[in-house]
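Have a look at the structure below before the remarks.
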Amino acid sequence: QVQLVESGGGLVQAGGSLRLSCTASGRALSNYNMGWFRQAPGKEREFVTAISWRGKSTMYADSVKGRFTISRDNAKNMVYLQMNSLKPEDTAVYYCAAEESTIFTREPTTYDYWGHGTQVTVSS
C-alpha cells in the first residue's frame with residue numbers, strides 16, 4: 001500500500017504558475033502509474049494528466065494540454081505537476097493518485113490510492 005501527500009497549492013493570479021508535488025511513502029512509486037485529478041465545487045472529479053510507471057508515456061486532458069506538465073522522479077518517490085498560464089477555471093482541489101494495474105487510464109475508478117488533495121485557486 002502507498003500513502004500519497006500533495007503539496008504546492010495556493011492562490012495565484014491568472015497567467016501565473018504553480019508546481020504541485022506528490023510525495024509517496026509506504027511503497028516505491030515505481031510500482032504505479034500516477035495521475036493528477038481535480039475537483040471544483042459542485043463538479044465531478046475530472047482527469048488532468050497521468051504518467052506511466054517509468055515515465056515513458058503521458059496523457060493530458062485537452063483543457064490543460066500545452067499548459068501543464070507531469071513528471072516523476074522514482075528515485076525520490078515524487079510526482080510533480082507544473083502548471084503554467086493558469087486560468088480561473090483551473091481552480092479546484094488537485095489530487096494525486098496511484099494506479100496499481102498496467103492499464104494506464106484516465107478513469108478515476110481505476111486508481112487505487114489517493115491523496116487528500118491540495119487547493120489551487122486562480123484569481124482573475
Side-chain angles (χ1 to χ4, degrees):
Q1 193 168 0
V2 64
Q3 293 79 43
L4 304 172
V5 178
E6 303 92 339
S7 62
L11 174 64
V12 63
Q13 287 189 329
S17 298
L18 281 175
R19 188 194 195 203
L20 304 184
S21 298
C22 175
T23 304
S25 61
R27 200 174 173 210
L29 209 57
S30 57
N31 292 288
Y32 306 95
N33 298 320
M34 297 299 298
W36 287 95
F37 294 80
R38 66 187 181 186
Q39 188 165 18
K43 295 188 177 182
E44 291 188 354
R45 190 168 298 188
E46 66 172 359
F47 170 80
V48 177
T49 180
I51 188 167
S52 59
W53 66 279
R54 287 195 299 177
K56 296 287 188 181
S57 299
T58 59
M59 48 186 174
Y60 295 89
D62 288 343
S63 59
V64 307
K65 203 171 292 183
R67 300 188 298 122
F68 290 12
T69 303
I70 189 172
S71 60
R72 67 190 299 161
D73 186 337
N74 286 341
K76 295 183 179 179
N77 255 15
M78 298 284 293
V79 178
Y80 306 99
L81 179 61
Q82 178 66 45
M83 305 187 295
N84 299 328
S85 302
L86 282 161
K87 304 175 181 180
E89 51 264 43
D90 294 318
T91 295
V93 177
Y94 283 72
Y95 298 90
C96 173
E99 181 187 50
E100 199 160 25
S101 76
T102 57
I103 299 175
F104 191 46
T105 76
R106 301 167 180 250
E107 295 297 325
T109 56
T110 67
Y111 286 76
D112 303 282
Y113 305 103
W114 293 81
H116 292 293
T118 185
Q119 177 70 47
V120 171
T121 303
V122 184
S123 63
S124 56

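No experiment lies behind these values; they were computed from the predicted model shown.
- In this structure the side chain of Val2 reaches within 4.5 angstrom of the side chain of Leu4, judged on heavy atoms.
- Val64 and Trp36 fall within a single hydrophobic cluster, where Ile, Leu, Val, Met, Phe, Trp and Tyr side chains are chained together by heavy-atom contacts under 4.5 Å.
- Residues passing the ring-ring contact (aromatic ring centres under 6.0 Å, His included) test with Tyr111 are Phe37, sequence neighbours excluded.
- A chain of hydrophobic side-chain contacts below 4.5 Å, direct or via other Ile, Leu, Val, Met, Phe, Trp or Tyr residues, connects Phe68 to Val79.
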Without placing hydrogens or testing angles, list every side-chain donor-acceptor pair under 3.5 Å for residues 11-25, not counting sequence neighbours.
from: Ser17; atom 1: OG; to: Asn84; atom 2: OD1; distance (Å): 2.9

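- Considering CG of Asn74 and NZ of Lys76, their distance stands at 12.0 Å, rounded to 0.5 Å.
- Contacts of Thr121 classified as side-chain hydrogen bond (donor to acceptor under 3.5 Å, both in side chains), with partners at least two apart in sequence or in another chain: Gln119.
- Residue pairs meeting the salt bridge (Lys or Arg N to Asp or Glu O under 4.0 Å) criterion with at least one member in residues 49-67, sequence neighbours excluded, are Asp62-Lys65, Arg67-Asp90.
- At least one side-chain heavy atom of Tyr94 sits under 4.5 Å from a side-chain heavy atom of Leu81.
- Taking the side chain as every heavy atom from C-beta outward, Arg72 and Met34 approach each other to under 4.5 Å.
- A distance of 10.0 Å separates CG in Leu86 from OG in Ser123, rounded to the nearest 0.5 Å.
- Within the 4.5 Å cutoff, side-chain heavy atoms of Gln1 are placed close to those of Tyr113.
- Shortest non-hydrogen contact noted between Val120 and Met83 is CG2-CE, 3.9 Å.
- Within the structure, every pair that satisfies the salt bridge (Lys or Arg N to Asp or Glu O under 4.0 Å) test and touches residues 98-122, not counting sequence neighbours, is listed here: Arg27-Glu100.
- Looking at heavy atoms from C-beta onward, Gln82 lies out of side-chain contact with Ser71 at the 4.5 angstrom threshold.
- The two residues Gln39 and Lys43 make their nearest non-hydrogen contact at NE2-O, 3.1 Å.
- Rounding to the nearest 0.5 Å places CD1 of Ile103 at 14.5 Å from OG of Ser52.
- Residues Tyr80 and Asp73 have side chains in contact (heavy-atom distance under 4.5 Å, counting atoms from C-beta outward).
- Residues in residues 33-92 take part in no disulfide (SG to SG under 2.5 Å) pair, two or more places apart or across chains.
- The aromatic rings of Tyr95 and Trp114 sit perpendicular to each other, their planes meeting at more than 60°, with 30° as the lower class boundary.
- Listed by first then second residue, pairs satisfying disulfide (SG to SG under 2.5 Å) with a partner in residues 28-68 number zero, not counting sequence neighbours.
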For residues 44-51, dump all side-chain donor-acceptor pairs below 3.5 Å to protein atoms at least two apart in sequence or in another chain.
from: Glu46; atom 1: OE2; to: Arg38; atom 2: NE; distance (Å): 2.6
from: Glu46; atom 1: OE2; to: Arg38; atom 2: NH2; distance (Å): 3.2
from: Thr49; atom 1: OG1; to: Met59; atom 2: O; distance (Å): 2.9

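- Every residue two or more places apart in sequence or in another chain was checked for a side-chain hydrogen bond (donor to acceptor under 3.5 Å, both in side chains) with Glu89, and none qualifies.
- Going from atom CG of Asn33 over to atom OG1 of Thr58 covers 12.0 Å, rounded to the nearest 0.5 Å.
- Note on residues 114-124: no pairs pass salt bridge (Lys or Arg N to Asp or Glu O under 4.0 Å), not counting sequence neighbours.
- Looking at every heavy atom in both residues, Ala40 comes nearest to Ala92 through N-CB, 3.8 Å.
- Val5 belongs to no hydrophobic cluster, as no Ile, Leu, Val, Met, Phe, Trp or Tyr side chain comes under 4.5 Å of its own.
- Taken from OG1 in Thr110 to CZ in Phe104, the straight-line distance is 10.0 Å, to the nearest 0.5 Å.
- Applying the ring-ring contact (aromatic ring centres under 6.0 Å, His included) rule to Trp53 yields no partners; only residues at least two apart in sequence or on another chain are considered.
- The minimum heavy-atom distance linking Val122 with Lys87 is given by the pair CB-O, 3.3 Å.
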